[in-house]
Amino acid sequence: MIVNPENMSFDGKKFSMILYGSPGVGKTTLALSAPDPVLIDFDRGMSRVRSQHRKAAIFCDTYEDVLTDLGSPDMKQFQTIVVDTGGSFITYLQDWAMRADPKANCQKNGAISLKGFGAVKMEFSRFTSYVKDTLNKNLIYVFHSLEQTDKDGNPQVRLMCEGAAKNIVWTPCDFGGYVQMIGDRRDIGFTPEQEYFAKGCHGIKGHYTVPELGPTDTNDFITRLFDKAKANIAAEAEEYAPLKEQYDRVMGAVHQILDTVKDVETANRALNDIPNLAHALTSKKEASAMLNERAKSIGLTYSKSAGGFIRKEEKEA
């Protein structure tokens with residue numbers, strides 16, 4: 001279905017996010033600050049989260065266990081799925097792929113094959129789409145970071161993720177935040193820098209300070225971040241509203257003009273009248289296409305040399 005900008009709505013939008021950084025920087029606790037989260041504890045790391053900040057978790061032995069839990073009616077109470085960590089998730093997917101098709105996905109030495117890595121990559125993408133589009137949940141992938149150097153010896157920080165999946169995790173995400181300690185301050189960056197990659201949208205960019213949490217503090221940093229993004233989306237829609245109203249008025253006038261098109265004379269009159277309307281957004285382009293279709297339906301065609309519509313048989317002659 002093709003939807004023009006003036007008819008697009010992002011009410012109820014769910015977000016996808018990557019959080020990555022070195023071990024111990026507080027990524028899991030930060031991820032649990034998202035709206036109504038449940039954490040898939042691939043890393044067995046919930047015990048390291050302070051008890052007052054723990055949330056519901058899925059503990060699993062296989063990837064199939066995760067899919068069973070995600071399909072449970074109990075999932076309706078959660079708004080966000082946290083995958084902790086994405087690297088361990090890949091390990092579970094490798095195990096799943098090799099058990100699902102040992103002949104194709106295993107090497108003779110028991111390691112996963114190239115075809116197996118392809119299966120993992122495809123399932124990673126399918127899982128992401130399933131959570132976002134079918135379950136309609138926010139999705140947060142937590143990754144450990146890996147320090148390396150580029151060809152010039154400059155330090156770089158990248159996701160710690162085995163196999164081809166690391167090349168696709170960034171594409172569908174709305175936000176990608178690198179979490180680090182700067183002095184005694186915990187910082188998350190959403191704008192790419194030479195040292196690390198990051199991603200922001202909907203007005204979320206630059207650096208944010210992640211507050212230290214006391215025993216009675218509410219852990220809601222990402223919830224507030226998502227609320228800010230939604231407010232920015234709503235503000236954009238509000239700015240768009242006057243243009244949408246003008247578009248609707250113009251398209252109403254276009255339909256009235258098209259109703260008069262019965263022959264060459266009325267088609268050419270419409271050809272002159274439509275461009276003079278107070279167009280907004282895509283109305284001019286749409287109106288032109290609609291006029292051409294209307295003219296075609298009554299046996300007319302546009303002639304560049306004539307500067308207007310003529311009967312189709314005249315052009316053929």
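Quick note: residue numbers are just sequence positions, from 1. Values reported hereafter were calculated over all heavy atoms of this structure, with side chains retained and with hydrogens, waters and symmetry mates removed.
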Can you check side chain to side chain donor-acceptor pair (under 3.5 Å) on T128 and Y141, steps first, answer last? CA-CA 10 Å; T128 300; Y141 281 112; 2.9 Å; yes
How about F42 and Y92: are their ring centroids closer than 6.0 Å?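 Centroid distance F42-Y92: below 6.0 Å, so yes.
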Look at the rings of F124 and F89 and say which category their plane angle falls in: under 30° parallel, 30 to 60° tilted, over 60° perpendicular.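 Aromatic pair F124/F89 classed tilted.
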Parallel, tilted or perpendicular, as decided by the 30° and 60° cut-offs, for the rings of Y196 and H207: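 If you compare the ring of H207 with that of Y196, the planes turn out perpendicular.
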Are D41 and K55 within salt-bridge range, i.e. N to O under 4.0 Å?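 No.
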Under 3.5 Å side-chain donor-acceptor pair for Y63 and E123: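 Side chains of Y63 and E123: pair found under 3.5 Å.
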Can you check whether T209 reaches R186 side chain to side chain, under 4.5 Å on heavy atoms?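 T209 does not reach R186 side chain to side chain.
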So which atom in Q52 and which in G214 form the shortest heavy-atom distance, rounded to 0.1 Å?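 Looking at all heavy atoms of both residues, the shortest contact is NE2-O, 4.5 Å.
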Partner of F197 under ring pair (Phe, Tyr, Trp, His ring centres under 6.0 Å), chosen from F143, Y20, W170: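 Answer after filtering F143, Y20, W170: W170.
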Show the atom names and distances, to 0.1 Å, of all donor-acceptor pairs under 3.5 Å that link a side chain in residues 66-78 to residues at least two apart or in another chain.
| unit_1 | atom_1 | unit_2 | atom_2 | d |
| --- | --- | --- | --- | --- |
| T68 | OG1 | E64 | O | 3.1 |
| S72 | OG | D74 | N | 3.1 |
| Q77 | NE2 | D74 | O | 3.1 |

Only one of H279, K284, M290 forms a side-chain contact (heavy atoms from CB on, under 4.5 Å) with I274, so which one is it?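 With I274 as partner, H279, K284, M290 yield a single side-chain contact (heavy atoms from CB on, under 4.5 Å), made by H279.
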Please evaluate residues D174 and K13 with respect to the criterion salt bridge (Lys or Arg N to Asp or Glu O under 4.0 Å), reporting the C-alpha separation (whole Å), side-chain torsions for both, the decisive distance (0.1 Å), and the verdict. CA-CA 11 Å; D174 299 297; K13 174 176 172 55; 3.6 Å; yes
